[in-house]
Amino acid sequence: MSQITGVTPLPASLIPQKTPAMTTSGTLRSPLYVAWQVTNECNLACLHCIEESGPGKAFPDELSKEQTFDVLAQIIDNDVPYMSFSGGEPMAHPHFFEMVEYACTRGAQLKIETNGHYLTPEACARLKELGVKAVQVSLDGVTPESFRRMRVRGNFELVIEGLHNLQAARVPIEINYSPTGFNAHEIGRAVDLAAEVGAESFYTGRTMYTGNAVKTWAKLNPTEEQYEVLFDTLREKALEYEGRTRVHFHEMGLLEELRYRLHNPAALLIVLPNGLVKLINALPFVCGDLRRQSLLEIWANFQRCWQDPRVAEFVEALERDPNATSLLHQWIFL
């Protein structure tokens with residue numbers, strides 16, 4: 001799961017810029033995008049993880065195989081055009097390739113969001129064969145030192161090898177980069193590396209004060225001066241790589257983002273490993289349960305729940321007490 005901004009990265013046509021223009025839910029019959037955190041299990045323990053995932057952190061009630069494929073069928077039967085598998089680490093899910101095969105053979109436009117540690121030549125060849133739309137790899141550093149400082153238990157060299165394996169298999173690549181005080185100066189080289197491995201897109205923005213980041217913020221937080229240099233560099237790189245690698249960056253802070261979403265909810269559902277559905281990554285509100293409700297029932301409830309005054313109250317409370325983001329996993333059912 002991405003740690004930048006308050007929204008899971010969308011297909012390029014739906015990405016908000018400084019003035020957001022993301023497709024909103026409106027009166028759509030079904031969502032445009034389902035971002036599915038298929039497991040909370042992960043081989044890493046990253047300082048900034050919004051989901052606080054890690055080794056042994058799988059939810060005790062994660063969906064069974066039967067429930068998982070029921071959800072997949074509902075998503076596809078209701079003509080949701082875009083879907084992503086994230087986590088935790090989605091490739092650690094015991095049925096990962098079965099899920100990918102089912103989704104892709106039934107016509108879903110599927111993106112995989114991974115930490116890049118399972119991208120063997122064989123895995124990449126299989127992803128290509130199945131026809132995934134893209135594989136997004138979280139990098140967060142262009143040196144072993146900065147990478148490992150952020151991604152505890154991570155192996156920088158293995159991720160770079162995995163990116164080259166994707167490139168060799170001709171799988172479309174995206175790179176996700178979360179800035180910190182110790183890696184913000186590497187942003188130009190990060191875009192260069194993305195272009196070198198043939199990435200179609202590079203995503204970055206302000207790192208969220210949520211999840212593990214609440215506990216590690218003193219080690220993570222870039223200064224405003226660092227962000228200013230970072231965004232200036234990104235603007236230069238966007239021009240340098242125009243036509244080769246799309247450079248997407250999100251300058252809004254979390255509070256500004258959430259205030260915008262109150263009036264312009266994105267047309268996506270966030271599905272948790274146990275089938276609960278959230279309004280957005282960075283808020284604790286749950287609008288449905290796919291173990292008990294249909295996708296369309298939850299979609300209708302999603303649009304209603306954004307009007308619940310408790311959501312606006314929580315967002316405004318963040319201005320007075322940013323630490324309220326530490327309640328992200330204390331779910332509030334609407």
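What you see is a predicted model, and the numbers here were worked out from it, not measured in a lab.
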With a 4.5 Å limit on heavy-atom distance, are the side chains of [X] and [Y] in contact?
X	Y	value
W36	T68	yes
L234	I187	yes
P322	L318	no
T143	F156	no
R291	L276	yes
L230	P222	no
F85	E113	no
H164	V197	yes

Answer yes or no: is there an ion pair linking [X] with [Y], defined by an N-O contact shorter than 4.0 Å?
X	Y	answer
E52	K215	yes
R244	E200	no
D232	R235	yes
R310	E313	no
R261	E256	no

What is the distance from atom [atom1] of [X] to atom [atom2] of [Y], rounded to the nearest 0.5 Å?
X	Y	atom1	atom2	answer
N281	L258	CG	CG	10.0 Å
E196	R189	CD	CZ	12.5 Å
C49	N115	SG	CG	10.0 Å
C287	I332	SG	CD1	13.0 Å
E51	N212	CD	CG	10.0 Å
D289	I298	CG	CD1	6.5 Å

With sequence neighbours excluded, residues passing salt bridge (Lys or Arg N to Asp or Glu O under 4.0 Å) with R148: E157
Treat each ILVMFWY residue as a node, draw an edge where side-chain heavy atoms are under 4.5 Å apart, and state whether [X] and [Y] are in one component.
X	Y	answer
I175	Y118	yes
L44	V159	no
M150	F147	no
F69	V100	yes
L130	L110	yes

- request: Going by the side chain to side chain contact (heavy atoms under 4.5 Å, CB included) test, name the single residue among D70, L63, V71 that passes it with L290.
  value: V71
field: Aromatic plane relationship, W299 with F302 - under 30° parallel, 30 to 60° tilted, over 60° perpendicular
entry: parallel
task: For the residue pair F231 and Y227, categorise the inter-ring angle as parallel (less than 30°), tilted (30 to 60°) or perpendicular (more than 60°).
output: parallel
Sidechain-backbone polar pair: [X] side chain, [Y] backbone, donor-acceptor under 3.5 Å:
X	Y	answer
Q67	S64	yes
E41	K57	yes
H117	E89	no
E62	N40	yes
N165	L119	yes
Q226	T223	yes
T180	N183	yes
E186	G141	no
T245	A199	yes
E297	S294	yes

- request: I would like to know whether Y209 and N221 meet side-chain hydrogen bond (donor to acceptor under 3.5 Å, both in side chains); could you show each step before the answer?
  value: CA-CA 9 Å; Y209 184 67; N221 191 23; over 6 Å; no
[X] versus [Y], closest heavy-atom pair with distance:
X	Y	answer
T207	W217	O-CH2, 3.4 Å
R29	N78	NH2-OD1, 3.3 Å
N176	Q136	CB-OE1, 3.8 Å
W306	L279	CZ2-O, 3.6 Å
T210	L254	CG2-CD2, 3.9 Å
C124	G162	SG-O, 4.2 Å

- request: Apply the salt bridge (Lys or Arg N to Asp or Glu O under 4.0 Å) test between R206 and each candidate in E224, E257, E228; give the one that qualifies.
  value: E224
field: Q307 vs L334, side chain to side chain contact (heavy atoms under 4.5 Å, CB included): CA-CA, chis, key distance, verdict
entry: CA-CA 11 Å; Q307 308 306 314; L334 298 177; over 6 Å; no
Pair Y203 + Y177: ring centers closer than 6.0 Å: no
message: Could you check whether R246 makes a cation-pi contact with F202, meaning its NZ or CZ is under 6.0 Å from the centre of the six-membered ring and within 45° of the ring axis?
response: no
task: Tell me, with the steps shown, if D192 and Y241 meet side chain to side chain contact (heavy atoms under 4.5 Å, CB included).
output: CA-CA 9 Å; D192 294 341; Y241 289 108; 2.6 Å; yes
message: Let's go through L32 and L268 carefully: what are the C-alpha distance in whole Å and the side-chain angles of both, what is the deciding distance for side chain to side chain contact (heavy atoms under 4.5 Å, CB included) to 0.1 Å, and is it a yes or a no?
response: CA-CA 6 Å; L32 292 178; L268 73 96; over 6 Å; no
Verdict with reasoning, K133 to E174, per salt bridge (charged side-chain N to carboxylate O under 4.0 Å, His left out): CA-CA 10 Å; K133 185 71 174 176; E174 299 177 355; over 6 Å; no
- prompt: Are E98 and H95 linked by a side-chain donor-acceptor pair shorter than 3.5 Å?
  reply: yes
task: Mark yes when over 12 heavy atoms from residues, nucleotides or ligands other than R106 sit less than 6.0 Å from its CZ; otherwise mark no.
output: yes
